[in-house]
Protein chains: 2
Amino acid sequence: MPSKPAAPITIDAVYAAPGYLFRRMQQIAVSIFMEECKAFDLTPVQYAALIAIHAHPGIDATRLSAVIAFDRSTLGSVIERLQAKDYIDRRPAPEDKRIKLLYLTRPGAAILREIVPAVERAQARMLEPLKPADRKALMGLLVQLVDLNNEASRVPLRAEDALEHLGKAG
Amino acid sequence: MPSKPAAPITIDAVYAAPGYLFRRMQQIAVSIFMEECKAFDLTPVQYAALIAIHAHPGIDATRLSAVIAFDRSTLGSVIERLQAKDYIDRRPAPEDKRIKLLYLTRPGAAILREIVPAVERAQARMLEPLKPADRKALMGLLVQLVDLNNEASRVPLRAEDALEHLGKAG
DNA sequence: CCTAGATCGTAAGTATACTGTCAATCAATA
DNA sequence: TATTGATTGACAGTATACTTACGATCTAGG
């Protein structure tokens, strides 16, 4: 079998490349999120962090990064900003002086309740151009692919591992 | 019809959200790209910029940003880095003193030829966990979605508009 | 009990992504 | 032609994403 000919160096090859499409789609998703949620002064990352803290009060930053698959270093500044906005509270853990436990404040819980409908609108808008059946198909394939590629990312999702020690589910 | 009940605030809802999946997939894609291309000291963005300059020698930064749908402000520093590595050349346009025209240098053209196989491996790896038919389906849906959502992004792709004045095709 | 290795938070450094703003320049028009 | 308006590239500021490193702390082994 003859070796495959070298791919031509064209922009169209870039446009059709998975990596390019994922990047583009992410840009679009963030843009739509920010548009729908501009009244709330919360970024997608900050939103996910709030959700996770809401679901797991008293989680620490390292475990939080595993639960939402965010880079640990980045998360430090995300937490700082959420704290500056008074949406979360950071308390030292009595049994481990290294750890700081994260909790939603009352305003944090409130903004979360308020922003949810806007986030839902944003999520819907991202897929809106597709036919309903195609939306389902795309999401199904993406869930599969992200899961199967989990270990390939620098910050794999480790929800279960991270939560083992918290002694609570989902 | 009763109004839809408020969505529960759970992490699983985040995991299934399009925005989260797009973000995750992008992280994975960049990670795989960097791994396959680590010998070349080129990021995905820098690679795309080189390809575009290769395809359109003498393009300026603003048009380049439209051709690859990158933010123009960001592109400034990308260009600086490519220039620092001696992969591109920036020359003032004689007929317009505001514009600086971009060209690949000889080393830039060389690295481009060399990196292409690694990039192809990276692109293939991103989809590898899926069955071939599913890869096709996913790419087809993504191409559609990115195209239909083009205007939703802050930096829409404007390949044709941008190239009109260059007097050459893609 | 005390050291070796792991873990937690933090910080510095690089790269992308976007928001503004600004001066220089060009183009179109009054 | 002289002013207006648009465009180009540059810069400042914020936010994410990742790397490496480092001190403080905890835990396990000897």
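Throughout, a chain's letter reflects where its sequence line sits, starting with A, and its residues are numbered from 1.
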Query raised in the report: Should B/Ile51 and A/Thr10 count as side-chain neighbours, where that means a heavy-atom distance under 4.5 Å?
Result: no

Rounded off to whole Å, could you give me the [atom1]-to-[atom2] distance for the [X] and [N] pair?
X       : N      : atom1 : atom2 : result
B/Ile59 : D/dT8  : CD1   : P     : 11 Å
A/Asp60 : C/dT7  : CG    : P     : 13 Å
A/Arg81 : D/dG13 : CZ    : P     : 16 Å
A/Lys97 : C/dT10 : NZ    : P     : 17 Å
A/Leu75 : C/dG9  : CG    : C1'   : 11 Å
A/Lys85 : D/dT14 : NZ    : P     : 13 Å
A/Arg98 : D/dC26 : CZ    : C1'   : 4 Å
A/Asp71 : C/dT10 : CG    : P     : 14 Å

Requested in this report: Please confirm whether A/Phe22 and B/Phe22 have ring centers closer than 6.0 angstrom.
Outcome: no

Short side-chain N/O contact from [X] to OP1 or OP2 of [N], under 4.0 Å:
X       : N      : value
A/Thr62 : C/dG9  : yes
A/Gln26 : C/dT16 : no
A/Arg72 : C/dG9  : yes
B/Arg63 : D/dT8  : yes

Report task. Could you give me the CA-CA distance, side-chain angles and deciding distance for A/Ser65 and A/Leu75, then say whether side-chain contact (heavy atoms from CB on, under 4.5 Å) is met? Result -> CA-CA 7 Å; A/Ser65 91; A/Leu75 199 53; 3.6 Å; yes

Output the single nucleotide from [options] whose closest atom is nearest the side chain of [X].
X       : options                : result
B/Arg90 : D/dT16, C/dT10, D/dA10 : D/dA10
B/Val45 : D/dA15, C/dT16, C/dG9  : C/dT16
A/Glu80 : C/dA11, D/dA15, D/dG9  : C/dA11
B/Val78 : C/dT16, C/dT10, D/dC18 : C/dT16
A/Asp96 : D/dT25, D/dA15, C/dA15 : D/dT25
A/Ala61 : C/dG9, C/dT16, D/dG9   : C/dG9

Requested in this report: Using a strict cut-off of less than 4.0 Å between a Lys/Arg side-chain nitrogen and an Asp/Glu carboxylate oxygen, indicate whether A/Glu35 and A/Arg125 qualify as a salt bridge.
Outcome: yes

Query raised in the report: Is there a donor and acceptor pair, one atom on the side chain of A/Ser73 and one on the base of D/dT19, closer than 3.5 Å?
Result: yes

Requested in this report: By nearest nucleotide on DNA chain D, pick out whichever of B/Gly76 and B/Gln27 is the more 5' one.
Outcome: B/Gly76

Query raised in the report: How is B/Thr43 classified with respect to the nucleic acid when contacts are heavy atoms under 4.0 Å: base, sugar-phosphate, or nothing?
Result: sugar-phosphate

**Report entry** Quiz item: cation-pi between B/Arg90 and B/Tyr103, 6.0 Å / 45°
**Finding:** no

Query raised in the report: Using a distance-only test with no angle check, is there a side-chain donor-acceptor pair under 3.5 angstrom linking A/Asn149 and B/Arg24?
Result: no

Report summary line: Judged by nearest nucleotide, the residue sitting upstream toward the 5' end of DNA chain C, B/Ser153 or B/Glu95, is B/Ser153

